[in-house]
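Let me begin by presenting the structure, written as structure tokens, before commenting on it.
This is a predicted model, so every value here is computed, not measured.
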Amino acid sequence: MTRSAAAVAALALTLSLPTAANAAAPAPAAAVPQVLPIGVAVSALPLAVEDRTGYQRTSFRHWNAGDVPADGCNTRQEVLLAEAVVYPEIGPGCTLTGGTWWSYYDEREVTLAGSLDIDHMVPLAEAWDSGASAWTSARREAYANDQGQPASLVAVTARSNRQKADQDPAEWLPPAPDALCRYGAEWTATKLRWGLAVDELERDRLLEIAAGCGGTDVEFTPAP
């Protein structure tokens, strides 16, 4: 058995990641952070045929009151605060002014919070296709507002987010060449965190990305 194959086998035995069949079951209380080479991580993703039957965006409640309800900021605003390169001023109603952000998808500096979208790294429709259709509404809300792993929600230009829409890496990749390895790793990390599957074309594209991203690690913690 190769080292990569052994790592995949060990991952399957130790993580007990939720899949489409048991996605509603909670992860172990003491989930352990994982760091895997990108090729090993992609190979650990379960393979399944996607099915969008019954999907509605309203099945994923967002944005909610965020991780700190007392701060008066919702999830979107908390992500903007967490990702600010220059921290903004916070006004009434958590209005943000004066900050600076970096959109890594297209390598653009942004100085207006309203010009940014908060991208679900794995779009809501894609998550539904990949296993979230079997989740409870509470788990889907947790997914849609996930700040427990920085890769899950990303502040990017509205233009790049809307170009991406609900496409997976077989259909869309960030236009900035230097973003490719990070994007492939963060997509994989999000799917592993939430026990989401990949389809064949998506997996093959992720493996192509991994082949050109030697030395890139995928870091994730199984969702509670």
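A centroid separation of less than 6.0 Å is found between the aromatic rings of W172 and Y105.
Residues L96 and E89 have side chains not in contact (no heavy-atom distance under 4.5 Å, counting atoms from C-beta outward). Side-chain contact between Q34 and L192 is absent, with no heavy atoms from C-beta onward closer than 4.5 Å. Within the 4.5 Å cutoff, the side chain of D178 has no heavy atoms near those of the Y104 side chain. Contact of the W102 side chain with the R108 side chain is not registered, since no non-hydrogen atoms from C-beta on lie closer than 4.5 Å. Proximity of V154 to E83: side-chain heavy atoms (C-beta onward) are separated by under 4.5 Å at one or more points. You'll find the side chain of K191 stays beyond 4.5 Å of the side chain of M121, heavy atoms only. For the pair Q163 and D106, the minimum side-chain heavy-atom distance is 4.5 Å or more. H62 is not listed as a side-chain neighbour of T75, based on a closest heavy-atom distance of 4.5 Å or more.
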| query | So D168 and D199, side chain to side chain contact (heavy atoms under 4.5 Å, CB included) or not? Walk me through it. | reply | CA-CA 10 Å; D168 71 25; D199 64 26; 3.8 Å; yes
| task | Quick one: do D166 and E126 satisfy side chain to side chain contact (heavy atoms under 4.5 Å, CB included)? Show the steps, please. | result | CA-CA 6 Å; D166 59 6; E126 171 70 21; 5.6 Å; no
| After noting the C-alpha distance and the side-chain angles of N74 and Q77, does the key distance pass the side chain to side chain contact (heavy atoms under 4.5 Å, CB included) rule? | CA-CA 5 Å; N74 63 21; Q77 293 158 337; 3.3 Å; yes
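Counting all heavy atoms, side chain and backbone alike, T221 lies closest to R193 at O-NH1, 2.8 Å. Across every non-hydrogen atom of A155 and L80, the tightest pair is CB-CD2, 4.0 Å. Of all the heavy atoms in L81 and P88, the pair that sits closest is CD2-CG, 3.7 Å. Between L124 and A144, the shortest heavy-atom distance links the atoms CD2-CB, 4.1 Å. In terms of heavy atoms, G72 sits closest to C94 at O-CB, 3.6 Å. Between P174 and A179, the closest heavy-atom pair is CB-CB, 3.8 Å.
Counting only distance, with no hydrogens or angles, the side chain of E200 and the backbone of L47 share no donor-acceptor pair below 3.5 Å. In terms of modelled atom types and a separation under 3.5 Å, the side chain of R203 and the main chain of L45 share no donor-acceptor contact. Side-chain N or O atoms of N145 include one that pairs as donor or acceptor with a backbone N or O of N64 at under 3.5 Å. Not one N or O on the side chain of W101 forms a donor-acceptor pair closer than 3.5 Å with the backbone of L112.
Taking a cutoff of 4.0 Å between a charged side-chain nitrogen and a carboxylate oxygen, R205 and E202 do not qualify as a salt bridge. D117 and K164 are not joined by a salt bridge, as no carboxylate oxygen comes within less than 4.0 angstrom of a charged side-chain nitrogen.
Hydrophobic clustering of Ile, Leu, Val, Met, Phe, Trp and Tyr side chains at less than 4.5 Å, counting indirect connections, unites I209 with V198. By the rule that hydrophobic residues join a cluster once side-chain heavy atoms approach within less than 4.5 Å of another member, Y87 and V110 end up as members of one cluster. Hydrophobic cluster membership is shared by V122 and V156, with clusters built from Ile, Leu, Val, Met, Phe, Trp and Tyr side chains linked at under 4.5 angstrom. V85 and L153 fall into different hydrophobic clusters, defined by Ile, Leu, Val, Met, Phe, Trp and Tyr side-chain heavy atoms under 4.5 Å apart, directly or through other members.
Interatomic distance, C213 SG to E208 CD, rounded to the nearest 0.5 Å: 11.5 Å. The CD atom of Q147 sits 9.5 Å away from atom OG of S152, with the distance rounded to the nearest 0.5 Å. Note: D217 CG to C181 SG = 11.5 Å, rounded to the nearest 0.5 Å. The OG1 atom of T190 sits 8.0 Å away from atom CG of D146, with the distance rounded to the nearest 0.5 Å. Of the inter-residue distances, the one linking D67 atom CG with C73 atom SG reads 11.5 Å to the nearest 0.5 angstrom. Here the straight-line distance linking atom OG1 of T216 with atom OH of Y183 works out to 15.5 Å at 0.5 Å rounding.
Tested against H120 for a ring pair (Phe, Tyr, Trp, His ring centres under 6.0 Å), the candidates W194, W63, F60 yield a single pass: W63.
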